[in-house]
There are 2 protein chains.
Amino acid sequence: MELNDATIREPQPNRRPGAKRVVNEARILAAAEEVFAEAGYAAASMAAIAERAGLPKANLHYYFGTKEQLYRRLLDTIVDGWQETMDLFTADSDPAEAFRLYIADKIEFSRRRPRASKIFANEVLHGAPHFLSALQGRIRERFQRHCDVIDGWVREGKIAPVDPHHLFFVIWASTQHYADFDIQVPALLGKKSLAPEDYRAATELITRMVLATLGLETGATR
Amino acid sequence: MELNDATIREPQPNRRPGAKRVVNEARILAAAEEVFAEAGYAAASMAAIAERAGLPKANLHYYFGTKEQLYRRLLDTIVDGWQETMDLFTADSDPAEAFRLYIADKIEFSRRRPRASKIFANEVLHGAPHFLSALQGRIRERFQRHCDVIDGWVREGKIAPVDPHHLFFVIWASTQHYADFDIQVPALLGKKSLAPEDYRAATELITRMVLATLGLETGATR
DNA sequence: GTCTATATATCGATAGAC
DNA sequence: GTCTATCGATATATAGAC
């Protein structure tokens, strides 16, 4: 379709066809992330998402079909970038530096996108009905390869013997705790919300715990 | 009321009056723990709880009034026993032994009552609407006293310097992970469900991490 | 105390006018 | 493409017979 007078009735004639779809889908996804994180999948309502997106409820179904399709689209985008961070665990990377960067990255994600972390936590908490097959399939396969790298470091004597699976479970649990429990943590610290120094304290403690366990502690805790 | 012929129409005449109430409330609470854990508060239905308890839906309202009252009763009983375990952190207890026992106890709770842990996690995850005031009040006060004990150990040189708040956050996150994420953990391990040795591996790793961080590692990892 | 029947509200999803 | 009106299902809660 050419951009001539025939397109004059289009709301934004200077954009390519479908531009409005892109904008509206982004608005809906942003609203959906908020509502799904606050309420959970089952309790989230399409009406609430529509209201927060500033669109009629029927538009959501026009763009995404069903509530489940909208949710899965959101869940996929969250998890896709999830494992990429783990790619810094390669056979020839420096163990201490790799764990340092990984933990800092995970805490930073908890600070910047707590809602994404909460959506994932809620999904797993209630049996991962939309995600179990991926978890048993591609997610596990990639996770196992990263664990193999850690096992290699152990065999080479670069780090103390450790079960990499459980080590990652502890790192994930600890770092994601600062997103998923971001109501409880400041409440127990007697604060209204978490400040940058709280995230820094968490990063340093978790890093120190991991490095000490692996015999990589360089001495001072900084 | 005497146990004479006048009581013959009672279903269980040998029990005291109100015994049936006790039995039915227990059945309802047990069913509610399952349904609330699987679905979350908002998505759990009184009909589902009634079905699992083997009682008509109206009986639940007769015994507990509203869905929220039933939920709060359940939440309170869960959290009440929660902090008691922390009482083994006293000024004159042995630090290494206290953390060893505490972590083992937390993992054992995750293994035996994963649903209780999930109900609590779901509550906090979605803003703790039924629990925030307790969290900012009595829970925090008691937590702070336990943190003061740890601070005392640091001043006396019994353990390496550490922020007790964040240390407990990491311990809670790691131990409760094996309940709240009990779908993900076996899936990533390539198992159908967690075996006793998995919980033992988790306990030993978390204990080792904490003791190493506090300078309490006795040498061999066992 | 127990349970059927139902009131009222809200859910996801869609038909159909524009 | 957009939005109003509405359908059928399901939610919490309760009235009232037993």
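Sequence lines set the chain letters: A, B, ... in the order given, protein chains first and strands last, and positions in each chain run from 1. Computation of the quantities below employed the complete heavy-atom set of this structure, encompassing side-chain atoms and omitting hydrogens, waters and symmetry-equivalent molecules. Computed from a predicted structure; not experimentally measured.
Note: CE (B:M46) to P (C:dA9) measures 19 Å, nearest angstrom. With rounding to whole Å, A:E25 atom CD is found 11 Å from D:dT2 atom P. For the pair A:R27 CZ and D:dT2 C1', the computed distance is 14 Å after rounding to whole Å. Atom P of nucleotide D:dC18 and atom OH of B:Y62 are separated by 19 Å, given to the nearest angstrom. Rounded to a whole Å, the CD atom of A:Q69 is 13 Å from the C1' atom of C:dG12. Distance, B:F64 CZ to D:dA13 P: 14 Å, rounded to whole Å. Rounded to an integer number of Å, the gap from A:K67 NZ to C:dT14 P is 14 Å. The distance between atom CD of B:E68 and atom C1' of D:dA11, rounded to the nearest whole Å, is 16 Å.
With respect to A:R138 and A:E141, no salt bridge is recorded, no charged nitrogen being found less than 4.0 Å from a carboxylate O.
Ring geometry for B:F181 against A:F120 counts as tilted: the plane angle lies between 30° and 60°, on a 0 to 90° scale. Relative orientation of the B:H166 and B:F169 rings is perpendicular, given thresholds of 30° and 60° on the angle between their planes.
In this structure, of D:dA13, D:dG1, C:dG12, it is D:dA13 that holds the atom nearest to the side chain of B:T66. Here the nucleotide nearest the side chain of B:A58, chosen from D:dA13, D:dT4, C:dC3, is C:dC3. Minimum atom distance to the side chain of B:P56 is reached by C:dC3, of the listed D:dC3, C:dT2, C:dC3.
For the pair B:H61 and D:dA13, the criterion of a side-chain N or O lying under 4.0 Å from OP1 or OP2 is met. Residue B:N24 places none of its side-chain N or O atoms closer than 4.0 Å to OP1 or OP2 of C:dG1. Put simply, A:N59 has a side-chain N or O that comes within less than 4.0 Å of OP1 or OP2 on D:dC3.
Less than 6.0 angstrom separates the ring centroid of A:W172 from the ring centroid of A:F143. Taking the six-membered ring wherever Trp is involved, the centroid distance between the rings of B:H130 and B:Y41 falls below 6.0 Å.
The residue A:A44 sits close only to the backbone: its heavy atoms come under 4.0 Å of sugar-phosphate atoms, none of a base.
Taking for each of A:K57 and A:Y63 the nucleotide of DNA chain D with the nearest heavy atom, the 5'-most of the two is the partner of A:Y63.
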